[in-house]
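The first residue of the sequence shown is numbered 1, and numbering continues consecutively from there. Counting starts at 1 for both ligands and their atoms, in listed order. Computed from a predicted model, the values in this text were never measured in an experiment.
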Amino acid sequence: MQLIVNKKFPDNFLWGAATSSFQVEGAWNDDGKGLSVIDMKKKDSTITDFTVASDHYHMYKKDIKLMAELGLKAYRFSVAWTRIFPNGRGEINKKGVEFYNNLINELLKYGIEPILTIYHFDYPQKLVEEYGGWISRKSIEDYVNYACFLFKTFGDRVKYWLTINEQDHVMRMPYRLGIKEKDKKVAEKLGYQACHNMCVATAKTIENFRKLLPRCKIGPAVSYSMVYPATNKPEDILASRDCMLVRYNYLLDLHCKGKYSPPYWKYLQDRNLTPTIYENDEKLLTENKPDFIGINYYATSTVRYFPATDENPIGTKFGKLLPEGESGIYMKIRNDNLKTTDWGWEIDPIGLRLCLKELYDRYELPLLITENGLGAHDKLENNEIVNDDYRIDYLRQHIEQVKLAINEDIPVIGYCVWSFMDLVSGHDGFDKRYGLVYVNREDFDLKDLRRIKKKSFYWYKRVIETNGEKLY
Ligand code: BG6
């Protein structure tokens, strides 16, 4: 629908940028920090040296100065659980608490609103060893205790909170759960139990949050996207809707409606994936909904119907952990209308607006874009410039769509570029860079870790200065 564009970004719009602890901090075992599941996987990594990452732990003051120069209104970061509780619970590490106190105070010094993610992939290894981590019901209490400690310690200064980053990815990746189960079927079922436990932990945390920080706001950060039908054949349209359900909507139905939708429950039953649910869980979930939804958006996908056969019965998955297809539901195909990143992610700015509209239609909650950005092979030229015009194009086109969503009165409260500075990418080390600020290192050559403002830094600065009016 074409509308008259006469609405602007609200004055208090949170122009932000984001990072996560294990991807920027480094100092992986300094000052009493305990080990996380990511440390276990990555300490012997052949992809990149992540133990130092961007060394933000030691350089945060410099980095925040750059954030201030950029004019950031908000900075999304995550707390490394094992810096606070090296064993996941019990003894508190004062040095870790001190680090985040300093970080938050430094942000506030420059008027930057902290957006704190409680947990972003780096789950305490000790809890996995003790009881299996998220796959056990015991995990709920430890997460809630940890979160409550953060509320009591930082809640006087932090207004916006994110509970769990992309639990939909965590549940599908055994190494992020920390489990070593070899049998794929068993591992998959454990993942669904972990997902349920994470939802209950979130609800219990929100229940406590309401008492401890009644004036603050909390929500999950989920990956979200649109799934398009490959053709106008009704079965392809069904496939796209079903894929949306099993990949994205099931989770927000749990967080925001407090229940498993009937078709999703049937999907789980047919595949023997149903989690164990306790009597009080539904009540807890229904009574403790989030204040807003945080979404991480990068790309869309397109699917065709993919019927199950004797050879590929219902439940068979294709591709890696985030499946390319599931027999009986969908198979992804390439969308020729969209360009891709160097890693094959389909670039789709309108897809972001569609997501915002879809989410608001379904859940009627304010929306915070917690991640959006472009991974690229950036090149440092003459030792001083990074001409990342491709990133500017990507960000501009996505922000334009956010503006159009706001023009339709969709309550988007903020937008965080992923990422503020170059960091260790989840799967591609330092080869794939997302930052507005270049960090001078390669995968295994740490060089001088110098910070260099990319062209996109200057562009985003102007966007913020003009409250989204000057995008060119
Ligand atoms: C999101 C994560 O999944 O996507 C980030 O929250 C991650 O931690 C980002 O870095 C991009 O993914 P990748 O694999 O390109 O780093």
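Listed by atom number, the atoms of ligand 1 under 4.0 Å from S425 heavy atoms are 13 (P), 14 (O), 15 (O), 16 (O). If you number the atoms of ligand 1 from 1 as listed, the ones under 4.0 Å from a heavy atom of K432 come out as 13 (P), 15 (O). In summary, the atoms of ligand 1 found under 4.0 Å from a heavy atom of Q23, numbered by their order in the structure, are 5 (C), 7 (C), 8 (O), 10 (O). Counting the atoms of ligand 1 from 1 in the order shown, those under 4.0 Å from a heavy atom of W345 are 12 (O), 15 (O). Residue N296 approaches ligand 1 through these ligand atoms, each under 4.0 Å from one of its heavy atoms: 6 (O). Of all atoms in ligand 1, numbered sequentially from 1 with element shown, those under 4.0 Å from a heavy atom of N165 are 6 (O).
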Practice task
Would you check, one step at a time, whether the test ring pair (Phe, Tyr, Trp, His ring centres under 6.0 Å) holds for Y146 with F149?
Solution key: CA-CA 5 Å; Y146 160 58; F149 177 81; 8.1 Å; no
Exercise for the section: Begin from the C-alpha positions of Y415 and F9 and carry the test ring pair (Phe, Tyr, Trp, His ring centres under 6.0 Å) through to its verdict. Expected result: CA-CA 11 Å; Y415 173 89; F9 284 98; 8.5 Å; no
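In terms of protein heavy-atom proximity, atom 11 (C) of ligand 1 is nearest to Y434 OH, 3.3 Å. Ranking protein heavy atoms by distance to atom 3 (O) of ligand 1, first place goes to E166 OE1, 2.5 Å. From the protein, the heavy atom lying nearest to atom 14 (O) of ligand 1 is H427 ND1, 3.5 Å. Given atom 16 (O) of ligand 1, the protein heavy atom at minimum distance is G426 N, 2.7 Å. With hydrogens left out, the protein atom closest to atom 9 (C) of ligand 1 is Y298 OH, 3.4 Å, a heavy atom. The single protein non-hydrogen atom nearest to atom 6 (O) of ligand 1 is E371 OE2, 2.8 Å, given as residue, atom name and distance.
Between E188 and K185 there is a salt bridge, since a side-chain N of the basic residue sits under 4.0 Å from a carboxylate O of the acidic one. A salt bridge does not link D378 to R433: none of the charged nitrogens lies less than 4.0 Å from a carboxylate oxygen.
The side-chain heavy atoms of F77 and S21, taken from C-beta on, include no pair separated by under 4.5 Å.
With sequence neighbours excluded, the residues satisfying side chain to side chain contact (heavy atoms under 4.5 Å, CB included) with S136 are Y131, K138. E141 is linked by a side chain to side chain contact (heavy atoms under 4.5 Å, CB included) to N145, counting only residues two or more places apart in sequence or in another chain.
Both tests do not hold together for R451 against Y438: distance to the six-membered ring centre under 6.0 Å, angle to the ring axis within 45°.
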